[in-house]
Amino acid sequence: MTTRQKSHDSSTSAASNLRLYDTASHKVEPFAPLKPGEVGIYVCGATVQSSPHVGHIRAAVAFDVVRRWLMRLGYKVTFIRNVTDVDDKIIAKAEAAGQQWWERAYIYEREFTHAYDALGVLPPTYEPRATGHILDMVDLIQRIIDNGHAYVLKDADGKPSGDVYFDVASWPEYGALTHQESGTLAADDNAAVADRMGPSIDAEGEDKYNPGDAADSSEQKHDPRDFALWKSPKASDPQTARWLTPFGTGRPGWHIECSAMSHRYLGDSFDIHGGGLDLRFPHHENEMAQSHAAGWGFAKHWMHSAWVTEKGEKMSKSLGNGLAVTTVLDAYPAWVVRYALASVQYRSMLEWSDQTLNEAASAFDRIANFVERAGAALGSQPGRDEVRDVDADALPHDFVAAMNEDINVAGAMACVFAAIRSGNTLLSQLDDRLRDESQLDALRELLLQLRAMLDVFGLDPLDAQWASGASSEAEDAQETVLDTLIREQLDARAQARADRDFTRADAIRDALNNAGVLIEDTPGGSSWSLKH
């Protein structure tokens with residue numbers, strides 16, 4: 001799977017109408033990149049302590065759809081997604097399992113990568129690890145100290161202890177991302193839900209969904225709001241998880257990592273910072289404060305994907321309702337799981353259930369059936385390169401308008417199924433009377449647009465991704481669907497031969513052959529196999 005950018009840096013005319021919700025402003029606003037034709041995105045990735053569940057992958061799929069739409073609009077997208085490969089939980093779980101902390105981190109980093117790949121998430125432009133950027137973090141911390149916005153705690157001998165804290169009182173803008181002013185109206189229902197359920201500087205009590213860094217609870221801090229930039233090691237921390245710095249020996253606080261890594265790859269200022277809603281506070285709030293205090297413009301635009309819920313509760317290991325990606329993929333084809341995750345707007349809570357997946361499976365049947373029948377009627381399918389090269393200006397107006405309005409997936413999906421209904425009407429007309437080239441041209445253009453629209457969501461059913469990435473049970477399910485569709489064509493061919501309509505019979509045979517299906521006629525009927 002590769003990330004295929006446009007061959008040029010200029011955006012389409014549709015790009016000028018893109019509007020995105022900004023978490024900081026609480027408004028859906030026009031989007032204009034800092035550099036014409038290019039977009040830089042940083043998305044907080046996984047803390048690789050254990051296996052990924054569906055809640056983790058929802059954010060990855062949500063921002064994959066955002067990225068794909070930006071690419072379809074003609075932008076060159078630099079997409080950075082980090083890996084947090086050292087933290088308290090990784091160290092503790094590794095010790096309990098008799099592992100090295102770095103060993104455990106790498107095992108689960110590979111599991112996350114496999115899950116991303118299985119669900120068609122494009123690989124990032126780069127995926128930095130926290131441990132690979134210690135020097136960047138040290139330089140950033142020193143910059144914040146020099147600017148008067150952080151302090152180093154001293155030990156009993158007056159030497160640097162390894163603990164460095166951001167001085168919130170020195171930064172009046174603290175809270176700019178999540179502070180909700182009394183009486184402020186949410187932009188829409190999704191924003192209202194996010195404000196109510198998502199962590200914020202205004203929330204009282206412990207956040208059961210997103211526990212903070214233990215170092216942030218130190219009684220030695222100058223202010224309860226201060227947060228750790230660097231932290232001295234615990235007695236139980238292995239020597240390999242300690243780094244010597246001018247502030248003393250220790251390891252990075254949680255929040256400093258992403259500020260340092262985003263700056264390394266995207267510069268002082270970049271277009272979009274994304275992540276799951278659970279990261280809104282304290283992680284992103286603290287990132288914003290420390291990066292601005294360092295003198296950087298940092299993220300121009302903040303985007304947060306909502307949670308996957310089960311019975312209204314966020315899917316979370318800490319609450320015991322996590323559903324492993326491997327478990328889901330053992331039961332459903334990867335395309336179906338991707339559809340369930342991608343077919344809901346990124347700011348909408350996604351309730352996860354068997355019904356959600358069954359509805360996705362029904363959608364696959366409708367889509368795959370039409371795509372196969374249309375290809376058979378035309379005698380061939382548009383190639384993948386042709387599908388990818390359809391830019392936003394060539395897509396249906398209603399689809400573009402929906403996607404440009406804060407990635408309105410529901411509206412865009414309505415256009416997908418409207419196209420299928422129109423396509424079925426065209427197919428019925430082809431069956432009812434002699435074909436003419438104008439009808440075939442119309443059908444081909446509709447099929448090309450349909451697959452291009454689906455590709456925006458990573459759901460083109462003829463993408464090789466879905467032929468190669470399924471589990472064994474998913475492969476069995478796909479084989480059943482494929483056999484049903486091909487049998488329908490073989491039955492139609494048999495009827496055409498019985499009616500002595502050999503032209504139609506040959507056309508069906510040729511269409512199947514062009515699609516890679518070999519037909520063998522025997523006295524007992526026709527059988528099929530795929531070309532190798």
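A quick note: this is a predicted structure, and the numbers were derived from the prediction, not measured.
When atom types are taken as modelled, the side chain of Asp237 and the backbone of Lys234 share a donor-acceptor pair closer than 3.5 angstrom. With hydrogens and angles disregarded, a donor-acceptor distance shorter than 3.5 Å links the side chain of Gln345 to the backbone of Asp406. In this structure a side-chain-to-backbone donor-acceptor pair under 3.5 Å is missing from His149 to Ile145. With hydrogens and angles disregarded, a donor-acceptor distance shorter than 3.5 Å links the side chain of Asp155 to the backbone of Lys159. For Asp85 (side chain) and Arg129 (main-chain N/O), no donor-acceptor pair under 3.5 Å exists by modelled atom type. When atom types are taken as modelled, the side chain of Arg81 and the backbone of Val43 share no donor-acceptor pair closer than 3.5 angstrom. Panel note: side chain Ser200, backbone Thr178; a donor-acceptor pair is recorded below 3.5 Å.
The side-chain heavy atoms of Ser305 and Arg347, taken from C-beta on, include no pair separated by under 4.5 Å. Put simply, the side chain of Ile41 does not reach to within 4.5 Å of the side chain of Thr78, judged on heavy atoms. The side-chain heavy atoms of His284 and Cys44, taken from C-beta on, include a pair separated by under 4.5 Å. Considering only heavy atoms from C-beta on, Ser343 stays 4.5 Å or farther from Phe457 through its side chain. A 4.5 Å side-chain heavy-atom check between Glu285 and Arg280 finds every atom pair outside the cut-off. Ile272 places a side-chain heavy atom less than 4.5 Å from the side chain of Leu20. Phe63 has its side chain within reach of Phe79: a pair of non-hydrogen atoms, C-beta onward, lies under 4.5 Å apart. Within the 4.5 Å cutoff, the side chain of Phe247 has no heavy atoms near those of the Leu229 side chain.
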Could you walk me through whether Ser259 and Ser291 satisfy the side chain to side chain donor-acceptor pair (under 3.5 Å) test, starting with their C-alpha distance in whole Å, then the side-chain angles of each, then the deciding distance to 0.1 Å, before giving a yes or no? CA-CA 6 Å; Ser259 287; Ser291 296; 2.7 Å; yes
Could you walk me through whether His263 and Asp268 pass the side chain to side chain donor-acceptor pair (under 3.5 Å) test, one step at a time? CA-CA 6 Å; His263 183 263; Asp268 285 6; 2.6 Å; yes
Apply side chain to side chain donor-acceptor pair (under 3.5 Å) to the pair Thr113 and Glu109, showing each step before the final yes or no. CA-CA 6 Å; Thr113 298; Glu109 179 183 337; 5.2 Å; no
List the steps, then state whether side chain to side chain donor-acceptor pair (under 3.5 Å) holds for His283 with Asp278. CA-CA 9 Å; His283 187 49; Asp278 50 339; over 6 Å; no
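Ion pairing of Asp455 with Arg384 is present here, as a side-chain N (NZ or NE/NH1/NH2) and a carboxylate O approach within less than 4.0 Å. In summary, Arg388 and Asp385 engage in a salt bridge, as defined by a charged side-chain N under 4.0 Å from a carboxylate O. Under 4.0 Å is where a charged nitrogen must lie from a carboxylate oxygen, and between Asp139 and Arg143 no such pair does. Ionic pairing of Asp88 and Lys231 is present here: one or more N-O contacts between side-chain nitrogen and carboxylate oxygen are shorter than 4.0 angstrom. Comment: Asp223 engages Arg225 in a salt bridge, judged by a side-chain N to carboxylate O separation of less than 4.0 angstrom.
Going from atom CD1 of Ile107 over to atom OG of Ser50 covers 12.0 Å, rounded to the nearest 0.5 Å. We find the CE-CG distance between Met303 and Asp271 to be 11.5 Å, quoted to the nearest 0.5 Å.
Taking the six-membered ring where the residue is Trp, the centroids of Tyr106 and Trp102 are separated by 6.0 Å or more. In this structure, the ring of Tyr165 has its center no less than 6.0 angstrom from the ring center of His222.
A side-chain N or O of Tyr151 and one of Asp226 form a donor-acceptor pair less than 3.5 Å apart. Inspection of the Asn82 and His133 side chains reveals no N or O donor paired with an N or O acceptor under 3.5 Å. Using modelled atom types and a 3.5 Å distance limit, the side chains of Thr47 and Asp87 yield no donor-acceptor pair.
At most 12 non-hydrogen atoms from other residues, nucleotides or ligands lie less than 6.0 angstrom from CD of Glu95.
Residues that satisfy the ring pair (Phe, Tyr, Trp, His ring centres under 6.0 Å) test with His114, not counting sequence neighbours, are absent from this structure.
Ring-plane geometry between His53 and His56 is classed as parallel, the angle between the planes falling under 30 degrees on a 0 to 90 degree scale with a further cut at 60. Taking the six-membered ring where the residue is Trp, Phe270 and His273 present tilted rings, their angle falling between 30° and 60°. Note: Trp230 and Trp243 have perpendicular aromatic rings, judged against thresholds of 30 and 60 degrees for the angle between ring planes. Ring pair Trp335/Tyr339 is parallel by interplanar angle, where below 30° counts as parallel and above 60° as perpendicular.
When each of Trp254, Phe166, Phe281 is checked for a ring-ring contact (aromatic ring centres under 6.0 Å, His included) with Phe227, only Phe166 meets the rule. Of the options Val66, Val65, Leu73, a side-chain contact (heavy atoms from CB on, under 4.5 Å) to Met403 is made by Val65 and by none of the others.
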